[in-house]
Number of protein chains: 2
Amino acid sequence: MKKITVSKGAVLQRKGDINSNVFIVEDGLLRSYTIDDKGKEHIYMFGPENWFVADNCEPNTPGELFIDAIEDSILKVYSKEELLKESPDINALLRRLNTMQTRILMLMSSSAKERYEHFIKTYPNITQRVPLKMIASYLGVTPEALSRVRHELSQRE
Amino acid sequence: MKKITVSKGAVLQRKGDINSNVFIVEDGLLRSYTIDDKGKEHIYMFGPENWFVADNCEPNTPGELFIDAIEDSILKVYSKEELLKESPDINALLRRLNTMQTRILMLMSSSAKERYEHFIKTYPNITQRVPLKMIASYLGVTPEALSRVRHELSQRE
DNA sequence: TTCCTTTCTTGATGTACATCAATGCACAAG
DNA sequence: CTTGTGCATTGATGTACATCAAGAAAGGAA
C-alpha cells in the first residue's frame, strides 16, 4: 500500500490497461467510467470519501474502465494481489463483482438486441433451461420485445 | 455449512425475510428476483452450477430478493456470519455488492425520475460536487432528459 | 474587462420499447 | 380423447426517452 495525492483531472487508469490497483479514497472524489462503441461515456460509479474504486476485472486482464479524479484527492493504493493474499475467498467475490459490473454497463449502454446476444454468449446453456419470459425479465425487457428480437435474429442468416 | 436438496419451485427466501444465507449451487438452477411496486418481476440473477446466490443485504436487515429453484437442485448453504468469520474484509465487498445490486434493480425497474430521486437520497453531497451531465451519465440518461426531470421536480412544490 | 469553453436549458422530432389485445401452441389433468 | 392453463408470437397503439439543434448562463484564462 502506498498513499498518493492527485489533482483534479488526473487519470489513474485507462480502459485496456493491465492494471490491478484498488483505490481507497481518503479525501476527494474519483469516478470510474467506460466509453462505448458510439463514443458515449457511461459513469460506472462515483468514489467519494471512504469508498473504494476499482475495475473489477480478473487480475492481469485488460480493464474495462477509465478512472480519474473529479476533485483533488488523497488516495490509498493497493494492488489486487496484495488483497488476495489476505484472503483467497475474495476471489469468488471479485468475480461476482465483475459480473455485476458487466451487467450494469450492459443495462446502461446496450439495446435489447445487444443484451440478448451478450446473454446467449455468456449463458448458452441456460437459454434452453428457462422460459423466454424469464430471460426477458433478466434482460429488463418485456417478453413481447424479446420475442421480436429473437425473430429478427433468426431472419438474419 | 449444510447440504440440502430442493425440488423445482421451492422457495428459499422471500423479500423482506431477515435471512442471511448464501447458497452455492452444486447441481440445478436457482434464480433470485424482486417484484416492484407495479407487481412486475425482475430477475436479478440466475444461479446455475457452481454459482453462488445470495441477497447481498447487510446481515440482519430485511432482504430485497426472492430466491427460488427453477430446477431440482442440490445446494450448499452457508450463513453469512460463517463467511464473515473467515475474513472480515469480505464485509466491505459485501457492502459493495449491495450497492451494485440496488443499482441493477433500479436500472431495470425505474424511470429516469425515480432513479434521480433515489440518487439524490443516496448521494446528497455529490449532487453539488459534479456537473449534471455526469449524474445523467451515471443514471443512464441524457443530460437533456435529466434536465427536464429536474425541472419537473422543482415545479412540484 | 473580453473571449472562449463548457454546462444547462428548451423546443421539435424520432425511435426503441412498453402496453394492450388477440391468437396459436404446447403440455398436463381430467 | 378433451379441456384448461401458461407460454410465445404478432399486430396496433402509446410513451418515455434519445437525438438534433439553438440559445442562455456560468466560470476561466488572457
Side-chain angles (χ1 to χ4, degrees), chain A residues 7-9 29 31 33 35-43 46 68-72 104-120 126-157, chain B residues 7-9 29 31 33 35-43 46 68-72 104-120 126-157:
Chain A
S7 40
K8 181 174 171 169
L29 183 59
R31 75 171 167 162
Y33 63 101
I35 296 181
D36 68 23
D37 8 314
K38 285 149 226 136
K40 196 165 172 184
E41 228 177 82
H42 301 275
I43 294 188
F46 292 110
D68 63 18
I70 296 181
E71 302 174 353
D72 294 348
I104 289 172
L105 296 176
M106 293 297 295
L107 284 169
M108 288 207 296
S109 68
S110 303
S111 66
K113 196 202 296 186
E114 291 166 323
R115 298 211 290 275
Y116 180 63
E117 290 176 316
H118 180 262
F119 179 83
I120 56 184
I126 292 191
T127 314
Q128 329 303 325
R129 290 159 73 184
V130 303
L132 172 143
K133 56 174 280 198
M134 284 195 189
I135 298 176
S137 167
Y138 178 87
L139 296 176
V141 298
T142 57
E144 293 95 326
L146 182 55
S147 173
R148 284 182 247 257
V149 163
R150 254 247 225 100
H151 179 77
E152 202 188 326
L153 287 176
S154 68
Q155 294 302 86
R156 259 205 350 218
E157 261 156 27
Chain B
S7 39
K8 181 173 170 168
L29 183 60
R31 77 171 165 160
Y33 63 99
I35 297 182
D36 68 23
D37 8 313
K38 287 149 224 137
K40 197 165 169 185
E41 226 175 83
H42 300 274
I43 293 187
F46 292 109
D68 64 17
I70 297 180
E71 302 174 353
D72 294 348
I104 289 172
L105 296 176
M106 292 296 296
L107 285 170
M108 288 206 296
S109 68
S110 303
S111 67
K113 197 202 299 189
E114 292 166 324
R115 298 210 290 275
Y116 180 63
E117 291 176 316
H118 180 263
F119 178 82
I120 55 183
I126 293 191
T127 314
Q128 329 304 326
R129 290 159 72 184
V130 304
L132 172 145
K133 56 174 282 200
M134 284 194 189
I135 297 176
S137 166
Y138 179 88
L139 296 176
V141 298
T142 57
E144 292 94 324
L146 182 55
S147 174
R148 284 183 247 258
V149 162
R150 253 246 224 101
H151 179 77
E152 203 188 326
L153 288 176
S154 68
Q155 293 303 85
R156 259 204 352 216
E157 263 156 26

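What you see is a predicted model; the values in this text were computed from it and never measured. Naming: A, B, ... by sequence-line order, numbering from 1 per chain. All values below were derived from every heavy atom in this structure, side-chain atoms included, with hydrogens, water molecules and symmetry-related copies excluded.
If you take CG of Leu146(A) and P of dT10(D), they are 13 Å apart, rounded to a whole angstrom. If you measure from atom CD of Glu152(A) to atom C1' of dT15(C), you get 13 Å, rounded to the nearest angstrom. The NZ atom of Lys8(A) sits 10 Å away from the C1' atom of dG27(D) (whole-angstrom rounding). Following rounding to the nearest Å, Met108(A) (CE) and dA16(C) (P) show an atom-to-atom distance of 20 Å. Whole-Å rounding puts the Ile70(A) CD1 to dT6(C) C1' distance at 15 Å. Between the C1' atom of dG6(D) and the CG atom of Leu132(A) lies a distance of 13 Å, rounded to the nearest Å. Taking atom CG of residue Leu153(B) and atom P of nucleotide dT9(C), one finds them 12 Å apart after rounding to whole Å. If you measure from atom CZ of Arg115(B) to atom C1' of dA18(D), you get 13 Å, rounded to the nearest angstrom.
Remark: the Arg150(B) side chain and the dT10(C) base include no donor-acceptor N/O pair separated by less than 3.5 Å. The base of dC20(D) is paired with the side chain of Glu144(B) by a donor and an acceptor separated by under 3.5 Å.
Residues His118(A) and Met106(A) come closest through the heavy atom pair CB-CE, 3.4 Å. Taking every heavy atom of both residues into account, Ser7(B) and Asp72(B) meet most closely at CA-OD1, 3.2 Å.
In terms of position on DNA chain D, the residue among Ala145(B) and Pro131(A) whose nearest nucleotide sits closer to the 5' end is Pro131(A).
No contact: Lys38(B) has no heavy atom under 4.0 Å from any strand.
At least one side-chain heavy atom of Phe46(B) sits less than 4.5 Å from a side-chain heavy atom of Arg31(B). Between Leu153(A) and Tyr116(A), some side-chain heavy-atom pair lies under the 4.5 Å cut-off.
Comparing atom distances between the Ala112(B) side chain and each of dC17(C), dC17(D), dG11(C) picks out dC17(D) as nearest. Nearest nucleotide to the Lys133(A) side chain, out of dT10(D), dC7(D), dT19(D): dC7(D).
Separation of atoms OG (Ser137(A)) and NZ (Lys40(B)) is listed at 8.0 Å; rounding is to 0.5 Å.
Between dT10(D) and His151(A), a contact under 4.0 Å exists linking OP1 or OP2 to a side-chain N or O. Side-chain N/O atoms of Ser111(A) include none lying less than 4.0 angstrom from OP1 or OP2 on dA16(C). Side-chain nitrogen and oxygen atoms of Ser147(A) include none within less than 4.0 Å of the OP1 or OP2 phosphate oxygen of dA8(D).
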